[in-house]
Q: 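The structure under discussion is supplied below as structure tokens; questions concerning it will follow.
Source: prediction; values computed, not measured. Atoms within each ligand, like the ligands themselves, are counted from 1 in listed order.
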Amino acid sequence: MAKVIFSFDDKSAKKLKNKKNILGGKGANLGEMGRLGLPVPPGFTITTEVCDLFYKNKKKLPRKVLQNIESELKNIEKKTQKKFGDLKNPLLVSVRSGARISMPGMMDTILNLGLNDRTVESLKKRTSNGRFAKDSYRRFIQMYSNVVLGVEGHLFEELIDNYKLTKGVLLDTDLDESDWDGLIINFKELVKKEKKINFPQDVKEQLLGAINAVFLSWDSQRAKTYRKLNQIPDHWGTAVNVQAMVFGNMGDDCSTGVAFTRNPSTGENSFFGEFLINAQGEDVVAGTRTPQYITKKAKKDSGSKDPSMEEAMPKVYKELAKVFLKLERHYKDMQDIEFTVENNKLWMLQTRSGKRTAKAAIKIAVDMVREKLISKKEAIKRIDPNTLDTLLHPTLDEKVEKEVIASGLPASPGAASGKVVFTADEAEKLNGMMQDTILVRLETSPEDIHGMHAAKGILTARGGMTSHAAVVARGMGRPCVSGSSEITIDYELKQFKAGDVIIKEGDIITIDGGSGKVMKGLVPTVQPEISGYFSTIMKWADKFRKLKVRTNAETEVDSKTAREFGAEGIGLCRTEHMFFDEERILSVRQMILSKSKEDRNSALDKLQPHQKEDFKKIFKVMSGLPVTVRLLDPPLHEFLPKADKDIDEVARSLNLSAKEIKDRIAELHEENPMLGHRGCRLGISFPEIYEMQCRAIFEAIVELKKQKVKAAFVEIMIPLVSTESELKILRALVNKIAKEIEKENKLKLEYMVGTMIELPRAALQAKSISKHADFFSFGTNDLTQTTFGISRDDSGKFLNDYIDNKIFDVDPFVSIDQNGVGELVEIASSRGRKTNKNIKLGICGEHGGDPKSIEFCSRTGLNYVSCSPFRVPVARLAAAQAELSK
Ligand code: PEP
Ligand code: MG
């Protein structure tokens, strides 16, 4: 049998390969502290392997383990100069679980073990504190009887409550030694009545009972449920730690506390924590007494009157400060620590890497590189790219209470509050009056764009993570909760219902697009500030990454924002989004609804100058960088007028009757618009639309050239291609227009033509399609939709069921389905490169901003990812991490 027990100062544990797997997190760290020579109460860890043996051995500890426990116990006795069960100087121990990763509150712990009717008297004598001794004993009886013997905990609490009632007091602290004496008798009687046994007085029996119980608690229902929820394998097992007890509640030269080696919320390099004099660990967390600060500085900063530990226990504080530094040097990370001071002697009870905010994570990582504790590579690996969102958008003030009334999909991060409005016009009107609004819609469509822009946030009842609302909001950096099926909107009554709560137009709500929560009333938010530390970590990330990071943007403002965030060009300029403006949408509708080519051309003539001006602005912002312009790809239904006033307006402009327009709309009606007359199919049917767009693009470049402005490098992209012929025809169209413009202006245009790969057939046919493509850009929104056959607009209704049933781990519209959709990306990449070895490969679906998908893109050998402006920093960091993990 391999070594199954390690004392905390056992040097041989150093050689263990996967220390945490064998000793559990707690045991590994206690041992590590022990070997560093830090003051850890003596003790030992029974390994997780024993947990396995225990279950294989009919839930009994093997004999060899029992012998080892005996000898390790002797070691503790020697080190503490106390004896287990001794009447003069009894040793008390704690027995705690400790899995590989912390499972807070899931498994059992027993404190003060070793107390019985006789040792409690010697504890009283040694501490000259009868109340403390009896209180410790009754706590032990309660814990042990509950955990090991299975007596229900509330029965003990009831006995205490009745006792207090009879005595006429309210608090446990009002009970004195003789009260506890009486209760101890009652407790023991209760055990006898419930379990027909006497409460065990044999301390060894107590110890084995407790160790067994901790191993058994690995299999408790709550631990099993926790493991299932957190994907922790059953076979990991738990370790058990047996450790000499130390007491922070034996008098005023005792204390207990929790601390971080740096400030976990700001990252500031100063100790941060709380302690309480004459108290036990649970008193610090329970909130019954107000803890005091550790350092003088923290006390001063908070305006607290109570002395800090630095002042109240200066000698121990100095020692603690040294321990903090030693631990940080050793672990090379900020530590979260528990300690106890017993009669002015410091004891370390726990250390582990501390949880921290994104802001603190960045500052700590950068500081630690400067302090030469870690490398730049390590600093980059330590930051979770997803948490950067909280640094770029306002977040909810954590300290404030919130009334959550509904939830939906976290479609676009950030928090916002405002008056509820149900129309885009109302949002715009109130914005003009400097009032904040939240635009609430069943779903959004292009005609809502001005309202989405004017509103502070968007809430929709329908639609998934790649629905119109989600995609547009992310692009604009507006917080958005989409697909909240928990709300019922009544446009007529101008209200929505969430459970029993009715929210009327003008009522204030708050949405958190990072969590998907909808709250009643105004919840204050905290504004982000981008620090120098943030730029430093970004610069370091850029050095290591190979994937380029572009943005999805179609306005000057978004392009600027993205460039400031470090975008290296535009990977997707959705030209249909450039038509959303109220003035233009009428021309777009004319273009779509016109019956004749002439009418269509007259609409196109009106649109062209707008397109050209927009392109000029974008090409200027992205000067010298690549910009992929996608030719029109409107899901038609998003553009058709719905309201009578809009229908009348188009009718008037086309000199047709409203009825004729309605008939035309009916003619254009599609059962599945996402699979309908969109993308390049539109370009095939109405080449004049794509011709107009190409003219606008090339003329924009020519005009910038004439103004001596360095323009962006244009890549023209044909959407929704599934056959070689589509691309061949449309590439010829682009070249034809380019030639015309070159001739008109007597100059040479440089550009590329490529296609989106967003249909399975296109991916499979990449070999032939790539003959006509300078680049492929994976449109993984549509590719996911068409590979699964799941509508990106309707998936919200049932995706949760798929996640609950573990069919999906995550929404495949958020993180790429690496097995299925990913395989198509791999196939298309390799087949495309076979034909055209220089083909440029990128991704522009929403997955381009998701760290896991970015890691996949990096592995697959894509050249760039493209994502919404606010995801650019996330993608830069994730791309560096992907490279470093290779
Ligand atoms: C896609 O399908 O992934 C894509 C980027 O295009 P859109 O979202 O505009 O359909
Ligand atoms: Mg698409």
Q: Tell me whether the rings of Tyr802 and Phe808 are parallel (<30°), tilted (30 to 60°) or perpendicular (>60°).
A: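 Tyr802 vs Phe808 ring planes: tilted.
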Q: Within ligand 1, which atoms have a heavy atom of Arg792 less than 4.0 Å away?
A: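 What qualifies from ligand 1 is 2 (O), 7 (P), 8 (O), 10 (O).
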Q: Below 30° counts as parallel, above 60° as perpendicular, anything between as tilted: where do the rings of Phe615 and Phe619 land?
A: parallel
Q: Does at least one non-hydrogen atom of Met756 fall below 4.0 angstrom from an atom of ligand 1?
A: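 Met756: in contact with ligand 1 (<4.0 Å).
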Q: May I ask which of Asn781, Asn552, Leu759, Ile757 has a heavy atom nearer to atom 3 (O) of ligand 1 than the others do?
A: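 Considering heavy atoms of Asn781, Asn552, Leu759, Ile757, the nearest to atom 3 (O) of ligand 1 sits in Asn781.
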Q: Using only atom types and a distance under 3.5 Å, with no angle test, would you say the side chain of Arg478 pairs donor to acceptor with the backbone of Ala455?
A: yes
Q: Between Ser815 (side chain only) and Pro812 (backbone N and O only), is there a donor and an acceptor less than 3.5 Å apart?
A: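 Here the side-chain-to-backbone pair does not exist.
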Q: Determine whether a donor-acceptor pair (N or O, by modelled atom type, separation under 3.5 Å) exists between the side chain of Arg584 and the backbone of Met578.
A: yes
Q: Under 3.5 Å, N or O to N or O, is Gly779 touching ligand 1 that way?
A: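 Right, the criterion is met.
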Q: State the atoms of ligand 1, each with its element, that fall below the 4.0 Å cut-off from a heavy-atom position in Cys844.
A: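 Ligand 1 atoms under the 4.0 Å threshold to Cys844: 5 (C).
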Q: How many angstroms lie between atom NZ of Lys771 and atom OG1 of Thr835, to the nearest 0.5 angstrom?
A: 7.5 Å
Q: Looking at ligand 1, is there an atom of it that comes within less than 4.0 Å of some heavy atom belonging to Glu846?
A: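 Flag not set, Glu846 not near ligand 1.
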Q: Under 3.5 Å between some N or O of ligand 1 and some N or O of Asp782?
A: yes
Q: Rounded to the nearest 0.5 Å, what separates atom CD1 in Ile697 from atom OH in Tyr690?
A: 10.5 Å
Q: If you count heavy atoms of other groups shown closer than 6.0 angstrom to CD of Glu823, is the number above 12?
A: no
Q: Give the atom name of whichever N/O/S atom in Asp782 sits closest to the Mg ion (ligand 2).
A: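 The nearest such atom is OD2.
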Q: Closest N/O/S atom of Glu758 to the Mg ion (ligand 2), by atom name?
A: OE1
Q: Below 30° counts as parallel, above 60° as perpendicular, anything between as tilted: where do the rings of Phe686 and His677 land?
A: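 Judged by the thresholds at 30° and 60°, the geometry between Phe686 and His677 is tilted.
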Q: So if I count the atoms of ligand 1 from 1 in the order they appear, which ones are less than 4.0 Å from some heavy atom of Leu572?
A: 5 (C)
Q: Mind checking whether Thr780 has a heavy atom under 4.0 Å from ligand 1?
A: yes
Q: Check for me whether Arg630 has a heavy atom closer than 4.0 Å to any atom of ligand 1.
A: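 Judged by the 4.0 Å heavy-atom criterion, Arg630 does count as contacting ligand 1.
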Q: Just heavy atoms, cut-off under 4.0 Å: does Arg574 contact ligand 1 by side chain, backbone, both, or neither?
A: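 It is the side chain that gets close, since no backbone atom is under 4.0 Å.
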Q: Need the ligand 1 atom indices (1-based, order shown) with element for anything under 4.0 Å from a heavy-atom of Arg678.
A: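 Per the distance check, 10 (O).
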